[in-house]
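This report concerns only the one structure given below.
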2 protein chains.
Amino acid sequence: MAKQLKAKESESSNLMLDKQVCFSLYSASNAMSRAYRPLLKELDLTYLQYIVMMVLWEHSTMNVKELGIKIHLDSGTLTPLLKRLEAKELVTRTRSQEDERVMIIHITADGVALKQKAEAIPNSMMCKSKMALEELIALKQGCDRLLANLSE
Amino acid sequence: MAKQLKAKESESSNLMLDKQVCFSLYSASNAMSRAYRPLLKELDLTYLQYIVMMVLWEHSTMNVKELGIKIHLDSGTLTPLLKRLEAKELVTRTRSQEDERVMIIHITADGVALKQKAEAIPNSMMCKSKMALEELIALKQGCDRLLANLSE
DNA sequence: AACAACTAAATTGTGCACAATTTATTTAAG
DNA sequence: CTTAAATAAATTGTGCACAATTTAGTTGTT
C-alpha cells in the first residue's frame, strides 16, 4: 500500500517531461522555424531575418532600439543580424545625425522587392500547420498572454 | 476610394507581424527560457540541459538516438551538450558493448541528487506564468498539435 | 565648463539548433 | 566471404539568443 502510493507519487512527479507546457512550447517553436526553412530558402533568409524584414515592410525606417522592442530582442542579437542583411543589400545602416548613438535601419529597394516573394509564405505555413483558423488564433492568444505575463 | 481600398489592403496584409501565430510562439518560447534562467542558475543548468536531465530522472539510462527522438533533437545538438553534462559529472557516456555505434548515457549519483533541487521549479514557473491550469493545458495541447502536424 | 549619470550600439563569450558531411560499425545481399 | 547499404554518433560551419562588458555619445547638475 505504501509502495503503491510511492509508485503513484513518482508517476505524477512535477518533473515529468510529458506534462511540461514549456517543453511543448519549446518543441513547437523549433518545429515551426524548421518548417519555415525550406520556404525561406527561396528568399535566402533565416526565420529571424524574415521577422526583421516583415517589420521593415511595415515601417521602412527604424532604429535598433525600436526594432528590439518590437521583436523582443537586444542589440547583441540584432547587430550581427542587421550586418548580414546589410551585406545582402536588403537594408542600410546609418548613424542618426541628431544623435550619433542611434543606428538607423532603412530598407533598400531590393528589400522592398523581396516582399513580393514572401507573400505566399503565411498561407503555406497555415497549410503545413493543418490547423483551423480558430485553433491558431487560440494558440496565438495563449502565447501572447504567456509572453506578456513573463515580461512584467 | 481606390486609395482607401489600397490602404485597407496594406493594413490587412498577410505579412503583418502582429498577426503571426509563429512570431507569438517564437517570442513566448524565448521568454519562457529566459524566465527559467535564474531558477536554473541554482542548478548550473541551461534549459536544454534541464530537459535532458528530466528525461534521465525518468529513465536513468538512454542512448543518444532514443534521447533525440524523445526531445526532437539530433546528435549535432546533443553530443556537445552531453559532453558538457559529462564534464559536470551528471552523466556518463559509454559505448554499447553489443553495438559499438551506440553511445549510452547513464545518470550519475550527482545527477540523481540534483533532482531534489529541481522539484520546486515547475511550480515557480507556473506562478511566473500567472495563468490558470486550464489555460496552460489548452496552450500545451495547441503546441502539441502543431508539433505533430509539422512533424508528419 | 566639468563631470557624473544615463543611453544606444557594439563586442565578447557561451550554448544551443540544425544542415551537411564524416567516421565507425553493423547488417544485408550477391 | 565480401562488398554495398544502412545506421549511430561525431564533426564542421552558420546563425541565433543572451548575459555581461565596453565604447561612444548625450543630458543634467552644479
Distance test, side-chain N/O of A/Arg101 to OP1/OP2 of D/dT23, below 4.0 Å: no

Phosphate OP1/OP2 of C/dA8: any A/Asn63 side-chain N/O under 4.0 Å: no

Reading DNA chain C from 5' onward, which residue's closest nucleotide shows up sooner: A/Val102 or A/Ala31? A/Val102

How long is the line joining [atom1] of [X] and [atom2] of [N], in whole Å?
{"X": "B/Leu81", "N": "C/dT14", "atom1": "CG", "atom2": "P", "result": "16 Å"}
{"X": "B/His72", "N": "C/dC16", "atom1": "NE2", "atom2": "P", "result": "17 Å"}
{"X": "A/Asn30", "N": "D/dC16", "atom1": "CG", "atom2": "C1'", "result": "12 Å"}
{"X": "B/Asp74", "N": "D/dA9", "atom1": "CG", "atom2": "P", "result": "11 Å"}
{"X": "B/Gln97", "N": "C/dT26", "atom1": "CD", "atom2": "P", "result": "10 Å"}
{"X": "B/Glu86", "N": "D/dA9", "atom1": "CD", "atom2": "P", "result": "15 Å"}
{"X": "B/Leu85", "N": "C/dC16", "atom1": "CG", "atom2": "C1'", "result": "13 Å"}
{"X": "B/Arg84", "N": "C/dT14", "atom1": "CZ", "atom2": "C1'", "result": "8 Å"}

Can you name the side-chain contact (heavy atoms from CB on, under 4.5 Å) partners of B/Arg34, sequence neighbours left out? B/Asn30, B/Ala31

Any side-chain heavy-atom pair from [X] and [Y] closer than 4.5 angstrom?
{"X": "A/Met54", "Y": "B/Gln20", "value": "yes"}
{"X": "B/Lys65", "Y": "B/Leu67", "value": "no"}
{"X": "B/His106", "Y": "B/Val91", "value": "no"}
{"X": "B/Thr61", "Y": "B/Ile104", "value": "yes"}

Does the plane of the ring in B/His72 sit parallel, tilted or perpendicular to the ring in A/Phe23? Use 30° and 60° as the thresholds. parallel

State plainly whether the residues B/Arg93 and B/Glu86 are in salt-bridge range, i.e. N to O under 4.0 Å.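 Yes, B/Arg93 and B/Glu86 are salt-bridged.
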
If you measure from the Lys or Arg side-chain nitrogens to the Asp or Glu carboxylate oxygens, is any gap between A/Arg145 and B/Glu135 under 4.0 Å? yes

Could you check which residues of residues 32-58 of chain B get a heavy atom under 4.0 Å from DNA chain C? Sort them by number, please.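 Those residues whose heavy atoms fall under 4.0 Å from DNA chain C, taken from residues 32-58 of chain B in numerical order, are B/Thr46, B/Leu48, B/Gln49.
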
Polar pairs (N or O, both sides) under 3.5 Å between protein and nucleotides 10-13 of chain D?
from   : atom 1 : to      : atom 2 : distance (Å)
D/dA10 : OP1    : B/Arg93 : NH1    : 3.1
D/dA10 : OP2    : B/Thr79 : OG1    : 2.6
D/dA10 : N7     : B/Ser75 : OG     : 2.7
D/dT11 : OP2    : B/Lys83 : NZ     : 2.6

Would you say B/Glu119 has more than 12 foreign heavy atoms packed within less than 6.0 Å of its CD? yes

For B/Glu66, answer base if it contacts any base atom (sugar-phosphate contacts may also be present), sugar-phosphate if it contacts only those atoms, and nothing otherwise; contact means non-hydrogen atoms under 4.0 Å.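 If one applies the 4.0 Å heavy-atom cut-off, B/Glu66 turns out to touch nothing in the nucleic acid.
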
